[in-house]
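Quick notes on the structure that follows.
Here is the naming used below: chain letters follow the sequence lines, and residue numbers restart at 1 for every chain.
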Amino acid sequence: MSIQNPRVNVSVAMNSFRSARPRIWARALFLLAIGAPLMFSPTPARGQASPTPQAAPSVVQTDVKLVIGGEKVKNNSVGTLSVVGSSLQFATGKAKVEVEASAIQDISTNEDSRQDITGAAHFATMAIPYGGGRALALFSHQVDVLTLQFKDANGGFHGAIFVLPQGQGAPFKKQLVAMGAKASVPLAEPPPTDK
Amino acid sequence: MKHHTRVAVSCISPVVLACAFLLIVGPLWGQTGSGDSKSAQKFSASSIQIEPTDPGDVRMPPEFRMAIYENLITQIEKTGKFQHVYRSGDKDAASAPDLVTLHTTARAFNKGSQKKREVTTVTGSTSMTLNVRITDHAGQPLVDRDVQGKVRFMGENLRATYDFSKKVAHIVRDTTF
């Protein structure tokens with residue numbers, strides 16, 4: 001049994017490859033011509049509900065307490081306050097309150113202090129002997145109080161009070177005023193830092 | 001001796017009876033003309049409109065004014081005295097036939113301090129006095145009196161607004177509209 005070396009006609013193979021090359025290029029160009037407009041067209045992503053994409057919140061603050069004034073949200077609820085699009089939003093796990101910046105009649109920020117120990121724990125401190133509970137009342141932290149006055153669609157006057165961590169009220173006021181909210185007291189400029 | 005006793009009793013007893021009569025009738029007589037919450041006059045009103053608190057000459061922070069306004073709406077709704085409780089500026093209030101309006105004007109305000117209250121017990125109380133005026137459709141006052149709200153021992157400063165609103169709700173509940 002003899003093993004014969006297979007003869008391969010290299011010149012024929014090269015010629016067929018060379019003849020196929022223009023066809024591949026033509027197909028690539030054709031696909032590119034069809035695909036390019038599709039690649040750059042603003043097609044909505046799958047699962048996007050609204051035709052216009054929702055703007056990302058520009059100012060966000062978590063652990064904000066809504067003291068009073070949330071129609072659907074209970075008083076003293078804690079949630080996230082954000083400026084989304086042209087409105088101020090306060091969202092808890094269950095409900096959401098939204099106020100258009102243009103509907104805000106007045107916005108003001110103020111400083112206050114809150115006790116570190118609140119709720120049931122605060123009542124428990126009262127049982128500490130020798131005035132220990134009173135001593136614990138000394139521990140408090142500064143907060144910013146953001147107060148809004150706005151009108152609803154029917155012209156009804158509303159008020160809402162939010163308690164934020166210290167120094168976080170001013171960015172909200174600045175952003176909302178820039179979007180058309182009114183403020184009777186202008187935002188104080190930060191003092192210049194001497195270097 | 002017996003004769004003297006009889007004379008004394010016969011003289012004193014009409015005086016005592018007259019005093020008792022004045023004690024009973026006097027306060028009632030005074031109330032009828034005052035136009036206060038316990039007035040005997042009757043007004044027909046099924047809706048009330050709450051106006052925002054007027055700070056007047058008193059420096060009251062905006063959060064306290066807003067808290068008073070919102071607490072008043074909540075507390076007056078809770079009384080169940082009115083079919084509709086309208087906010088200030090509500091367009092629907094214009095068509096209400098028997099509308100009364102609640103105005104509040106600040107008279108005095110002391111912010112106090114929660115920390116001071118809880119450490120010392122005797123200082124740092126938050127207190128406010130506001131004039132409460134309820135007027136009818138023609139602007140005639142039905143209630144006109146000063147009401148105080150305060151927090152003395154425990155709680156945040158804004159709790160004084162809740163105390164004030166509860167007292168106003170009591171006045172509204174007791175008033176015959």
What's in the same ILVMFWY side-chain cluster as Tyr130(A), cut-off under 4.5 Å, chained through other members? none

Could you look at [X] and say if it's the side chain, the backbone, both or neither that has a heavy atom under 4.5 Å from chain A?
{"X": "Ile50(B)", "value": "neither"}
{"X": "Glu156(B)", "value": "side chain"}
{"X": "Asn157(B)", "value": "side chain"}

Could you please spell out the steps behind the side-chain contact (heavy atoms from CB on, under 4.5 Å) verdict for Asn110(A) and Glu63(B)? CA-CA 8 Å; Asn110(A) 216 339; Glu63(B) 63 264 27; 3.3 Å; yes

Looking only at Leu158(B), Thr121(B), Ile73(B), most heavy-atom pairs under 4.5 Å shared with chain A are made by Thr121(B)

Check the pair Met66(B), Phe157(A) against side-chain contact (heavy atoms from CB on, under 4.5 Å), reporting the backbone distance first and the verdict last. CA-CA 10 Å; Met66(B) 284 303 104; Phe157(A) 184 82; 3.7 Å; yes

With a 4.5 Å heavy-atom cut-off (strictly below), which parts of [range] touch chain A? List them by number.
{"range": "residues 85-96 of chain B", "answer": "Arg87(B), Ser88(B), Gly89(B), Asp90(B), Lys91(B), Asp92(B)"}
{"range": "residues 108-116 of chain B", "answer": "Lys111(B), Gln114(B), Lys115(B)"}
{"range": "residues 161-168 of chain B", "answer": "none"}

Between the side chain of Glu70(B) and the main-chain N/O of Gly69(A), is any donor-acceptor distance below 3.5 Å? no

Any link between Leu146(A) and Val84(A) through a network of hydrophobic side chains (Ile, Leu, Val, Met, Phe, Trp, Tyr) touching at under 4.5 Å? no

Would you mind telling me which of Asp106(A), Asp112(A), Leu148(A) has the largest number of heavy-atom pairs within less than 4.5 Å of chain B? Asp112(A)

Give a yes or no on whether Arg114(A) atom CZ has more than 12 heavy-atom contacts from other residues, nucleotides or ligands under 6.0 Å away. yes

